[in-house]
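Working notes for the structure below.
All residue numbers refer to positions in the sequence shown, counting from 1.
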Amino acid sequence: MSTEILERPETKDADTAPEMFHYVRKEKIAESAVMGTYVIALCGEKFPVTKSPKPGSPVCPQCKEIYEAMQL
């Protein structure tokens with residue numbers, strides 16, 4: 001028997017919240033949350049919607065820039 005300590009590698013769960021939240025078409029959010037389909041953010045990232053942002057949550061800078069340009 002060995003007395004070595006085995007370290008467990010850091011792992012991320014598939015359903016953890018993203019580092020940043022992205023801008024997505026409103027009509028696709030509910031569909032993704034219910035059906036598990038992937039959405040495409042303004043910045044081009046694809047992912048299933050699993051969480052909703054809270055006030056003050058970090059926002060993807062690329063999505064924010066694109067969204068603000070669309071408002072002009």
_Check: Ser32 side chain, Val49 main-chain N or O, donor-acceptor pair, under 3.5 Å_ = yes

*Check against side-chain contact (heavy atoms from CB on, under 4.5 Å), Arg25 and Leu42*: CA-CA 8 Å; Arg25 289 186 179 270; Leu42 290 179; over 6 Å; no

*Starting at CD of Glu45, measure out to CE of Met20 and round the result to the nearest 0.5 Å.*
8.0 Å

*Find the distance between CZ (Phe21) and SG (Cys63) and round it off to the nearest 0.5 Å.*
12.5 Å

*Take atom CD in Glu65; do more than 12 heavy atoms of anything else shown fall under 6.0 Å from it?*
no

_As an exercise, state the distance from NE2 of His22 to CD1 of Ile40, rounded to the nearest 0.5 Å._
12.5 Å

*OH (Tyr23) with more than 12 external heavy atoms under 6.0 Å*: yes

*Any side-chain heavy atom of Phe47 within less than 4.5 Å of one from Val24?*
yes

*asked:* Can you tell me how far apart NZ (Lys28) and CE (Met35) are? Round to the nearest 0.5 Å.
replied: 11.5 Å

*Applying the 4.5 Å side-chain criterion to the ILVMFWY set and letting contacts propagate, would Ile29 and Tyr38 be lumped into a single cluster?*
no

